[in-house]
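Structure first, commentary second.
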Amino acid sequence: MDHLPTPKNAVTNERTIVPYVCLKGYDGGSFLTYPIREGVTHALPSDGNVPGGSPYRQHERVYPTPKQEQEDFLQRWLFFGLINEILGDRYRPEDLVSTIETDDGQNPTVSTLGLVEALDNWISDIHAGFVNPRHTYEHIAECLRLAFATIHGAGPDFDPRIKFSLASLGELFTLATNEAYNVTANKCPSAFARLMDLEYAYWKIPMLSSGWCPSQVRVNVENHWYLQTMHFLTFLGQPASDGFHRRCSNDQCLAYQNELATYQTKHLTGCNCEYISIDTKRLTEILESGSLPLLRIQESHILNELSVELVPSQSTTRYIALSHVWADGLGNPYENALPRCQLGFLHETINKYYAKLYPQAVEEILLWCDTLCCPVEPGEAKNIALAQMKKTYLEATRVLVLDASLRMYDFNSVEADEACIRILNSGWTRRLWTLQEGALPAKSFRLSFLFKDEAININYLVHKMYQILGSSVGRKGLASNIITQILKFARIPNEVDGNRWDLGAVETGLQHRSVSVPSDEPLLIAQLLDLDVAYVLNGPCPLANCENFGCDHSRTHRMWLLMPTAFRGIPKNVLLRVGPRLSEPGFRWAPSTLLYNGPRNHALYPRTITRNEDTSTTGGPMFGTQAVMFSTLLHLFAVLVSNLLNPLARSFYCIRARLETFWWIPAISRTLKRTNLVTENASWGVPTNRGLLVRFTGYSFSMAHCPPGIPPNDWNTIEQGSVYSRGVDGTWYHITRSLPAEHDPFLSTKSLNAIIQEESNLWITHVESAFNNPQLVAEAKNERQVTHGLLVQLLSDEEDIKYVQIKLHVRIGVERKTTRNLLEAAYQSARQISRNSSAKGLGAKSDGEQNQVNDVDWPQHSLTLEGLKQEIQRVAVLNASQDVTAAAEDYLPNGMMLFQALIGMMVVGGYGCLGPRTADEQQWCFD
């Protein structure tokens with residue numbers, strides 16, 4: 001793919017090869033009507049509304065096109081047809097095909113050589129007013145949206161190389177179209193990278209072979225970079241030695257973890273010089289005076305001498321603070337000392353760097369390095385040094401980053417985008433303390449990175465990336481991703497609120513980082529949030545049966561107790577965060593770490609998620625969340641028809657996996673007001689000795705009872721991870737476990753079904769007061785509201801506060817109107833069956849006979865089921881209105897059979913019941 005960028009120092013010079021599989025050429029006609037000319041009408045939107053999605057994906061799930069035939073059609077239409085539609089005679093079809101020599105002889109391949117240049121010229125012509133009247137922005141956007149929806153329907157065995165070529169072409173045209181027409185309201189799909197979500201191996205295999213850490217591969221894939229960026233990364237080799245990431249997993253990088261007991265400080269290559277120590281007594285005196293200890297390094301090449309002197313900081317002192325990764329060898333856990341060779345290197349480096357910045361400066365430049373300026377031995381002096389870390393990097397004249405992977409490259413031998421990508425994927429960005437060490441000076445552009453030949457300031461890098469962003473569409477996506485990540489790092493504190501950090505900003509910054517000493521994490525968080533660091537370090541232990549002060553094992557507990565004093569306090573969405581939790585009573589609501597980076601973790605601020613079928617793909621879809629509702633309906637359909645209806649229908653169960661789909665979920669964030677008191681604002685929580693006190697909305701929850709005489713729910717009609725539930729107002733909800741147990745084992749490894757059966761006094765709670773707004777629900781025709789919540793057990797209800805224990809993270813969905821009507825019709829039909837004469841006759845049996853209803857060996861058991869099956873079929877026919885049948889057919893072609901299956905679910909009590917909704921002001925105490 002010649003239109004995609006590659007780094008100057010690529011691991012291979014071989015380009016990405018995409019086979020040419022077309023059996024005939026594109027006919028040169030209109031892009032939008034090509035499927036009609038080819039007889040593939042299911043590839044077009046049935047209602048003419050492309051944002052609602054093409055039925056192509058649904059059709060291919062049920063009636064898959066043979067692989068070769070599908071690849072031929074989609075390449076002809078979505079590659080050659082799209083280029084023809086937008087560029088016309090600027091690009092000849094023969095320019096798009098080349099041949100390569102392989103062991104099998106001459107093979108045709110797709111070529112995009114010159115495509116970027118042609119698009120740049122096309123953009124210039126449009127800016128100059130030379131516009132094809134047919135090429136309106138709306139027309140091109142419609143073509144791209146249709147291409148996006150169709151690529152999404154490619155089969156599971158579709159060649160990933162061809163899919164990547166189609167998706168990357170769509171992305172390139174989106175970037176070019178938005179620039180050409182200078183639009184602010186983007187109507188083109190912006191998430192072509194998400195079409196490769198199921199092709200994880202396409203990125204993983206080449207990146208791992210190039211030395212990447214598995215966790216960094218996952219991070220890059222989950223970031224949903226532009227495909228330009230992902231292609232660039234696959235050609236970017238990592239300089240680490242073989243086996244450097246052998247201990248790493250998809251969830252965590254362990255390569256930079258330090259075993260302090262076996263740590264070895266490194267010399268420069270080929271050196272074994274003596275260590276130079278600093279005066280630890282003098283170090284303690286400076287720290288206790290409130291000053292920063294700085295280093296004056298003096299070297300005499302004539303006498304071959306080098307000395308280090310500790311100097312207390314003054315208000316006008318200029319110094320450079322080092323930020324480095326201990327795994328690179330510049331640390332020392334045993335004493336405040338470094339090899340002479342390393343000190344000589346640091347002295348030369350900072351003098352050269354300072355002279356470049358201030359060529360006319362006459363004053364000396366001092367150095368701060370944690371290895372020498374932070375005491376090794378535990379004690380008051382070390383605590384002072386740790387508490388001063390934020391001050392150290394805030395007041396530094398410059399902060400210089402030393403990362404071994406960056407120092408292997410001359411900056412002048414790489415392009416700016418490659419340098420930035422190497423910085424963003426360096427080990428330095430994966431460590432806990434470097435968040436503070438880099439983000440604080442980056443805001444004022446005082447942060448620089450040392451390459452082999454020179455140090456480069458972050459401001460210069462951003463400037464260079466903006467130049468690339470405006471120069472050519474061929475690297476626009478790559479430059480955009482880099483700028484976003486650099487500015488995200490440099491501006492982590494909320495821009496509206498100046499330099500103040502809140503817990504959400506800290507959580508964002510801590511993503512995908514790690515630390516060798518776990519007790520350092522609450523200390524760093526306390527510094528960033530301006531908490532009382534001394535209390536975190538030395539405060540009394542809040543745990544029962546412990547009267548000590550400054551316990552390392554309770555630093556996190558003390559941090560959470562102080563959190564209400566932080567800017568914005570404790571957002572109550574912290575309860576929804578997936579990850580390890582503290583185990584002590586009263587603290588079980590609190591994360592034990594914010595470094596856990598499991599899949600689909602929740603942010604610390606509320607968000608409302610709505611599925612809208614009319615607009616979901618327009619603004620860049622967020623798919624990847626499985627359609628658990630659709631999956632559950634199919635499960636219910638398959639199981640119930642197998643037991644209640646025609647046994648031949650069991651064959652439908654085998655197609656369930658192929659019919660599963662994704663919801664397309666655009667997220668809508670809400671702006672929160674600043675407060676720390678739960679009594680003033682419902683968005684914040686207050687820790688108490690019994691848990692976190694917050695305002696939530698909730699519903700009592702229980703399973704429905706099976707009517708007398710009806711065999712109970714022994715057919716597993718409730719899936720292990722989800723259940724339909726009916727509210728007192730007739731609203732239908734779909735409640736699921738938020739994540740499977742393998743991704744969220746922290747609260748419970750049990751299924752939702754198991755917890756429901758084993759526990760009593762259960763409630764469903766959620767954060768969003770706007771969720772299930774009666775007016776919105778009544779007006780929503782094609783919308784499905786979704787929010788995250790908790791399944792909890794009520795322990796006591798005292799003074800208007802409900803004390804509960806958290807059992808499980810759940811996702812609660814209010815079904816769209818058509819589905820609600822379908823479920824309610826099934827519910828009313830089930831009630832009708834339970835009231836009829838046959839059911840009443842069963843219910844009137846003697847106790848002995850009634851107990852036999854549940855016995856499958858009872859002679860009347862099969863007759864009872866047969867009669868129930870016939871009654872369900874009869875009532876379904878009577879109650880199946882046109883709207884109900886149409887709603888059922890949204891999920892399966894045979895809507896009547898699905899309707900019967902739902903009635904069966906209601907008959908046997910296979911659904912939940914939600915009580916009245918509590919007031920939004922209801923106070924809960926979660927533990």
Side-chain angles (χ1 to χ4, degrees), residues 276-300 305-324 330-332 336-338 342-376 380-402 433-434 436-450 454-459 490 499 524 527-528 530 533-534:
I276 296 181
S277 305
I278 56 94
D279 185 345
T280 55
K281 182 178 179 180
R282 177 60 175 156
L283 176 61
T284 300
E285 291 174 353
I286 294 175
L287 287 169
E288 290 178 346
S289 71
S291 298
L292 297 176
L294 302 176
L295 304 171
R296 176 183 289 132
I297 304 176
Q298 295 178 320
E299 186 174 16
S300 172
E305 293 179 350
L306 184 145
S307 63
V308 179
E309 177 186 0
L310 280 172
V311 179
S313 64
Q314 304 294 328
S315 59
T316 58
T317 304
R318 287 177 172 264
Y319 68 94
I320 293 174
L322 294 186
S323 178
H324 64 103
L330 200 58
N332 190 338
N336 294 113
L338 281 174
Q342 292 283 22
L343 287 170
F345 164 75
L346 294 178
H347 176 63
E348 179 184 357
T349 298
I350 64 169
N351 282 332
K352 179 180 177 182
Y353 173 51
Y354 188 66
K356 180 181 177 181
L357 291 174
Y358 306 100
Q360 305 300 322
V362 294
E363 69 273 18
E364 66 176 343
I365 185 70
L366 302 178
L367 173 68
W368 187 94
C369 176
D370 59 344
T371 308
L372 299 178
C373 299
C374 182
V376 172
E380 184 62 25
K382 181 172 184 178
N383 287 344
I384 294 174
L386 291 173
Q388 286 182 339
M389 286 293 185
K390 183 175 183 179
K391 175 184 177 182
T392 300
Y393 287 92
L394 273 176
E395 295 182 356
T397 307
R398 287 289 189 274
V399 173
L400 183 62
V401 174
L402 272 62
W433 283 105
T434 57
Q436 177 172 257
E437 295 167 7
L440 297 179
K443 286 181 63 64
S444 53
F445 300 111
R446 293 180 293 111
L447 181 68
S448 296
F449 300 88
L450 183 64
E454 62 178 316
I456 303 300
N457 186 270
I458 192 173
N459 187 36
N499 293 325
L524 174 82
Q527 292 192 29
L528 291 175
D530 292 322
V533 178

* If you take all heavy atoms of L400 and A455, which pair is closest and at what distance? -> CD1-CB, 3.8 Å

* Nearest 0.5 Å please: distance from the CZ atom of F445 over to the CD1 atom of I458. => 7.0 Å

* Measure the spacing between OG of S323 and CG of L402 and express it to the nearest 0.5 Å. => 8.5 Å

* Give the minimum heavy-atom separation between H347 and N351, together with the two atoms involved. => CE1-ND2, 2.9 Å

* Side chains of I365 and R398: closer than 4.5 Å at any heavy-atom pair? -> no

* Structure fact -> Closest non-hydrogen contact found for H324 with C369 is NE2-SG, 4.3 Å

* Are N332 and N336 close enough that some pair of their side-chain heavy atoms sits under 4.5 Å apart? -> no

* Return the minimal non-hydrogen interatomic distance between T371 and G331, and the atom names on each side. => OG1-CA, 3.5 Å

* How about S313 and Y319: does a side-chain donor come under 3.5 Å of a side-chain acceptor? -> no

* Over all atoms of both residues, closest heavy-atom pair of W368 and P293 -> CD1-O, 3.2 Å

* **Other residues, nucleotides, ligands: >12 heavy atoms within 6.0 Å of K352 NZ** => no

* Asked: Are any non-hydrogen side-chain atoms of L292 and C373 less than 4.5 angstrom apart?
  -> no

* Asked: How many angstroms lie between CG in L306 and CD in E299, if you round to the nearest 0.5 Å?
  -> 5.0 Å

* Sub-4.5 Å side-chain heavy-atom contact between L330 and L346 -> yes

* Determine yes or no for a side-chain-to-main-chain donor-acceptor pair under 3.5 angstrom, with R446 supplying the side chain and E395 the backbone. => no

* Note, C374 side chain near L386 side chain (heavy atom, < 4.5 Å) -> yes

* Would a 4.5 Å heavy-atom cut-off, applied to side chains only, mark T392 and E437 as touching? -> no

* Does the side chain of L343 come within less than 4.5 Å of L372's, by heavy atoms? -> yes

* Asked: So which of L367, I276, L338 actually passes side chain to side chain contact (heavy atoms under 4.5 Å, CB included) with V308?
  -> I276

* Asked: Judged by atom type as modelled, is there a donor-acceptor pair below 3.5 Å linking the side chain of Q527 to the main-chain atoms of K390?
  -> yes

* Give, for atom CG of L528 and atom CE of M389, the distance between the pair rounded to the nearest 0.5 Å. => 12.5 Å

* Is the number of heavy atoms from other residues, nucleotides or ligands under 6.0 Å of E364 CD greater than 12? -> yes

* **Donor-acceptor pair, side chain of D279 and main chain of L310, under 3.5 angstrom** => no

* Asked: Taking Y354 for the side chain and P359 for the main chain, is one N or O donor matched with an acceptor at less than 3.5 Å?
  -> no

* Report the residue from V311, T397, L295, I320 that forms a side chain to side chain contact (heavy atoms under 4.5 Å, CB included) with L366. => V311

* So, do R282 and I278 sit near enough that their side-chain heavy atoms are less than 4.5 Å apart? -> no

